[in-house]
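Chain naming here is simple, since letters A, B, ... match the order of the sequence lines and numbering starts at 1 in each.
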Amino acid sequence: MSAIDFSDPATIAFLIDALTAAGVDGLEISRSGEQLRIVIASSGEARIDLADNASAPSTMVVKAPMAGYFCAGHPSRPTASGSLPRPVSGREVLGFIRIGPILLPLGVDRPGILTKRLAEPDALVGFGDPLFEIELPS
Amino acid sequence: MPDAFDRTSAAGRRFDTVLIANRGEIAVRIERACRELGLKTVALCSEADREAPYGKTADSFLCIGPSAAAKSYLNQDTILLAARLTGAGAVHPGYGFLSENAAFADAVEKAGLAFIGPDAASIATMGDKISAKRAMMAAGVPCVPGPDTALPDDPAAIERIALEIGYPIIIKAAGGGGGRGMRVVPEAGLLHEAIALTREEARQAFGSPSLYMEKFLQHPRHIEIQVLCDTHGNAIWLGHRDCSMQRRHQKVVEEAPAHGIAPEAIGSVGRACVAACRQIGYRGVGTFEFLYEDGAFYFIEMNTRLQVEHPVTEMTSGLDIVQAQIKVAQGDPLELVQGDEQCEGHAFECRINAEDPDSFLPSAGVITGLFLPEGPGIRVDTHIHAGYRVSPYYDSLIAKVIVHASTRAEAMARMRQALAGTRVDGISTNLPFLRALFEDSAFARGETDIHYLEQWLKQRRAS
């Protein structure tokens, strides 16, 4: 599932319309590194706060969501992982966790620079083991 | 439901890698037994245990989930996945967590792995206190007076059962254990309220409102018998332990053998336990727990797993119980027959817990300094070291100090010396409490029952 970009004006406009139509007073969404708050004023005007959390790190680490074998790219495209550093988009699949025939995609929900691969290809990794380091734009 | 499980099992298949589905000192203990048998090990951890020392000595070490036990050490699917990923051929559940979970034992064997423990049917039979009592009565094991059936709904029928047993009685949840889901009823006027409360507790805590009733013994000791069975019909008992020193139904100090009990009296009970094991097709290690009062034994439950206190029996018998259960899981016949086993000297075990010695509240944090006792007849089973962070997520047991000597008095003296030489800095432990307990004269004389420690603590607080 791809992550929604809450800094996208079209997304915010859509949410305001939906909240207003539903008669909802506001909405607050927090996730790693960012927070979106929309308050629908009584006059129908919305106030929007979109902020990076003060404690957000300048780098983020993508960790294994479960135990399995780490694939730096899709097994059918062995060269897909490319050289580092390289820019990554906010919806890119960086690699996979392989469990038998199943490939679990490792996604990133924000754009940045993929600077390091922290696990060896085909290594057995556990839950929470660091796999990629991404430098986030300031 | 025993019949729900397939009795064809993976036990007896050779394996070269054991996955240890546990943590803490027992993970270290199992790893040691595997290494001595030439087997490889897979250690698991949660996020909180990433720095566990046994991770460095195991052949593989894998984090399986977040710190909460429900998402890691109790997560059956994740543990089975870890076994598959690492190529383990067997799962050792240790104690606690999934060790007495019949569905897990079944899932392990259905996955083609050996479960180092009894089969799912035995676990299920003995996990239900009513079916366990029925099985024990059928095998001639002495039980606490009371029917081997669940209490009926009819209040008048319940009153009749209580009168037949005689007050005081105790109401227990069929699915309970570890001291939970039970209520003492001293007189008839309090019976129905106690039934209603315990039934609701049982429904909420164990998922079943089923209750049973027994005679409440006023001053019993907690005596247990260690058994070991293989898959070839051989079964032996390895002596007995006294675990009467309990606080809130949790054992604090254990010893072997249980002092002051005539060998011929306990011998017949041991033989009945072995007969019961053969009757239910039991395999591996197990412990029959009894209350002992006025020279009579009364079965209370069977633990279908390795016990925390197994080292005291190892010290007196000279047998490595963990190795023995692994060999049974590989299909080896027992190396001992009844009569070969021995009981030499006396052993004590103290559970060192990370807890306040007065309030008994858990104490988490970093161990800044650690001094463990050494010397002849002293053994320490632990996973901690200086710099180790004691997690607030799990049981507070951080070490077991075990001593062995020729006599009970000498073993007590050795334990005093061992406790004096033990120091854990940076967190609170129950060491001061244990040191004081080993100075108690009634304990030294062996004049204690399962209620003694609570009374001793009450007097200590009052003074």
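In this structure, B/R32 places its CZ atom where more than 12 heavy-atom neighbours from other residues, nucleotides or ligands lie under 6.0 Å away. The local environment of OH in A/Y69 is crowded, with over 12 non-hydrogen atoms from other residues, nucleotides or ligands closer than 6.0 Å. Within a 6.0 Å sphere centred on CZ of B/R50, other residues, nucleotides and ligands contribute more than 12 heavy atoms. Annotation for B/E51: atom CD does not count as buried by contact number, only 12 or fewer foreign heavy atoms lying within 6.0 Å.
In this structure, chain A has a heavy atom under 4.5 Å from the side chain of B/L81, while its backbone stays farther away.
Comparing B/C45, B/S46, B/P66 by heavy-atom pairs within less than 4.5 Å of chain A, the highest count is held by B/P66.
Closest non-hydrogen pair, A/L124 versus B/L62, comes out as CG-CD1, 3.8 Å. Listed here is the closest heavy atom pair of A/G100 and B/R84: CA-NH2, 3.9 Å. The minimum heavy-atom distance linking A/R98 with B/L85 is given by the pair O-CD2, 4.5 Å. The shortest heavy-atom contact between A/A67 and B/C63 is CB-O, 4.2 Å.
Annotation: ring-ring contact (aromatic ring centres under 6.0 Å, His included) contacts involving residues 105-138 of chain A, sequence neighbours excluded, comprise A/F70-A/F132.
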